[in-house]
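Remarks on the structure that follows.
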Amino acid sequence: AGFAGGTETGKKDGPQKPPLKTIIIDPGHGGHDGGAKGDISREALLALEIGLQVRELMKKELPEMTVLMTREEDKLPGNQTNKNAALRWRADYANQSGGDLFISIHLNASLSNQRYGKRQVGTKEETYYVYSGKGKKRKKIAKTRTVPVYEKYKLPATVSGTQTYILARDWYNLKLKSVGNKTEIYELGESDTLDAEMLQMDPVEARIRAAQYTKYFFQKSMTLASLVEEEFAATGRRSWGVMQRDWDGIWVLQATQMPSILIETGFVDNPEEEAYLASLDGQKEVARAIVNAVKKYKAMLEAAAGGNAAPAPASN
């Protein structure tokens, strides 16, 4: 059965909210929080440029969608001055905007792309000293010798490609807490206002209900992330697939009350990939892959909804 407020089949009377209406695009970092550095640019700027291309394409091809940006300039969102405060602002903005989908855009970096070698580039004459004699007769004698001259150089970058992150299972309870605080949740066209309901249910039931939504968001995040990586692979780029960062949480994934993904669009410390991501053609190709994935995701939601509404996720 569906959640309270619907019929036995989970449907509601009257107009239904579309499965996907409001999309939040979140270019990572910004301003003094430049993120990873490349030879010609930095993560914050390229993430913004890619994000703007995604918005432009979505508005053109998904005109029925509301597409919102957490930032449209090279500065931290919400006029924040602290990057941690800015992270909280991003999630709060998405939640307060009633977002149905959260897409955070980033660029990667790898220590493997920061390796250096040493090579000989010539020779030089070096003065050194020896001593002869003993006591008062001891003398310091200068001599010269030819020694090699070396220079440090950066080894070719070896790591490139895309990754898309979803919330790790180890951080599931934090998402559960966030979802439990959500006042209005839409899924597949069905809306439920949880405040009034939760006043009528015991804490155990309320937690079960929040857990159902959290599991739903997790599954939908996984679906979209997989579609994004499939689209990147289809363009010939290396895809590392869908990832979970078990060793550390990702705030914008755990604090957003909706399906959410974080896309690493490439390695900014790989000169070849940086040049691609800094080019207009590269940014448009990345944006095209993301929008194609969202369109497929939207079609899947609508097909599952069977029109306007669908049963809520069943409990285990």
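The basis for the numbers below is simple: all heavy atoms, side chains too, and nothing from hydrogens, waters or symmetry mates.
- The hydrophobic clustering, which links ILVMFWY residues whose side-chain heavy atoms are closer than 4.5 Å, places Met58 and Leu301 together.
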* Asked: Do Val294 and Val54 pass the side chain to side chain contact (heavy atoms under 4.5 Å, CB included) test, and can you show the C-alpha distance, the side-chain angles, and the key distance before you say yes or no?
  -> CA-CA 11 Å; Val294 170; Val54 171; over 6 Å; no
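- Considering only heavy atoms from C-beta on, Glu285 stays 4.5 Å or farther from Asp281 through its side chain.
- A distance of 11.5 Å separates CG in Asp26 from CD1 in Ile261, rounded to the nearest 0.5 Å.
- Within the model, atoms CE of Met65 and OG1 of Thr22 stand 8.0 Å from one another, a figure rounded to the nearest 0.5 Å.
- Counting heavy atoms from C-beta on, the side chains of Phe232 and Ile290 come closer than 4.5 Å.
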* Asked: Yes or no on side-chain hydrogen bond (donor to acceptor under 3.5 Å, both in side chains) for Thr146 and Glu125, after CA distance, side-chain angles and deciding distance?
  -> CA-CA 5 Å; Thr146 301; Glu125 293 298 311; 2.5 Å; yes
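- When all heavy atoms of Val286 and Arg237 are compared, the pair lying nearest together is CG2-NH1, 3.7 Å.
- With hydrogens and angles disregarded, a donor-acceptor distance shorter than 3.5 Å links the side chain of Glu264 to the backbone of Asn108.
- Judged purely by atom type and a 3.5 angstrom limit, Asp269 has no side-chain atom pairing as donor or acceptor with the backbone of Ala109.
- Using modelled atom types, one finds a donor on one side chain and an acceptor on the other under 3.5 Å when comparing Gln283 with Glu49.
- Between Arg42 and Asp74 a salt bridge is recorded (basic side-chain N to carboxylate O distance below 4.0 Å).
- Closest heavy-atom contact between Asp100 and Lys21: OD2-N, 2.9 Å.
- The closest side-chain heavy-atom distance from Val147 to Lys124 is below 4.5 Å.
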* To do: Assess whether side chain to side chain contact (heavy atoms under 4.5 Å, CB included) is satisfied between Leu57 and Lys284, documenting all intermediate values.
  => CA-CA 9 Å; Leu57 195 55; Lys284 285 186 174 182; over 6 Å; no
* With side chain to side chain contact (heavy atoms under 4.5 Å, CB included) as the test, would you mind laying out the steps for Asn95 and Thr256 before giving the verdict? => CA-CA 6 Å; Asn95 294 337; Thr256 44; 4.2 Å; yes
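- Listed here is the closest heavy atom pair of Tyr297 and Pro259: OH-CG, 3.7 Å.
- Atom NZ of Lys154 has more than 12 neighbouring heavy atoms from other residues, nucleotides or ligands inside a 6.0 Å radius.
- Remark: Ile103 CD1 to Ser221 OG distance equals 10.5 Å, nearest 0.5 Å.
- For the pair Lys83 and His29, the minimum side-chain heavy-atom distance is 4.5 Å or more.
- Across Glu231 and Ala293, no two heavy atoms sit closer than the pair CG-N, 3.9 Å.
- A salt bridge does not link Lys296 to Glu230: none of the charged nitrogens lies less than 4.0 Å from a carboxylate oxygen.
- In the hydrophobic clustering of this structure, Met300 groups with Met222; members are Ile, Leu, Val, Met, Phe, Trp, Tyr whose side-chain heavy atoms approach within less than 4.5 Å, directly or through other members.
- Residue Leu111 qualifies as open at atom CG: its count of foreign heavy atoms under 6.0 Å is 12 or below.
- Taking CZ of Phe267 as the reference point, atom CG of Leu277 lies at 11.0 Å (rounded to 0.5 Å).
- Under a hydrophobic-cluster definition in which Ile, Leu, Val, Met, Phe, Trp and Tyr are linked whenever side-chain heavy atoms come within less than 4.5 Å, directly or via other members, Ile263 and Leu227 are assigned to the same cluster.
- For the pair Ile250 and Leu167, the minimum side-chain heavy-atom distance is 4.5 Å or more.
- Trp240 and Ile50 fall into different hydrophobic clusters, where Ile, Leu, Val, Met, Phe, Trp and Tyr side chains are chained together by heavy-atom contacts under 4.5 Å.
- With respect to the salt-bridge test (charged N to carboxylate O, under 4.0 angstrom), the residues Glu302 and Lys298 qualify.
- Note that CD of Glu274 is 12.5 Å distant from NZ of Lys37, once rounded to the nearest 0.5 Å.
- Between the side chains of Asn84 and Arg88, no donor-acceptor pair of N or O atoms lies under 3.5 Å.
- Using a cutoff of 4.0 Å between basic side-chain nitrogens and carboxylate oxygens, Glu61 and Arg288 are scored as salt-bridged.
- Looking only at side-chain heavy atoms (C-beta outward), Val159 and Glu273 stay at 4.5 Å or farther from each other.
- Annotation for Lys295: atom NZ counts as buried by contact number, over 12 foreign heavy atoms lying within 6.0 Å.
- Nearest heavy-atom pair across Leu52 and Met69 is CD2-CE, 3.7 Å.
- Contact of the Trp89 side chain with the Leu76 side chain is not registered, since no non-hydrogen atoms from C-beta on lie closer than 4.5 Å.
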* **Full working for side chain to side chain contact (heavy atoms under 4.5 Å, CB included) between Glu64 and Leu62** => CA-CA 5 Å; Glu64 71 279 13; Leu62 295 168; 3.8 Å; yes
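- The same ILVMFWY cluster, assembled from side-chain heavy atoms under 4.5 Å apart, contains both Ile141 and Tyr128.
- Nearest heavy-atom pair across Arg115 and Pro156 is NH2-O, 4.0 Å.
- In this structure, the side chain of Ser110 engages the main chain of Ser112 through a donor-acceptor pair within 3.5 Å.
- The structure places CD1 of Ile24 at 11.5 Å from OG of Ser104, a figure rounded to the nearest 0.5 Å.
- With Thr265 as reference, Ile105 is the one residue of Thr164, Ile105, Val228, Thr162 to meet the side-chain contact (heavy atoms from CB on, under 4.5 Å) rule.
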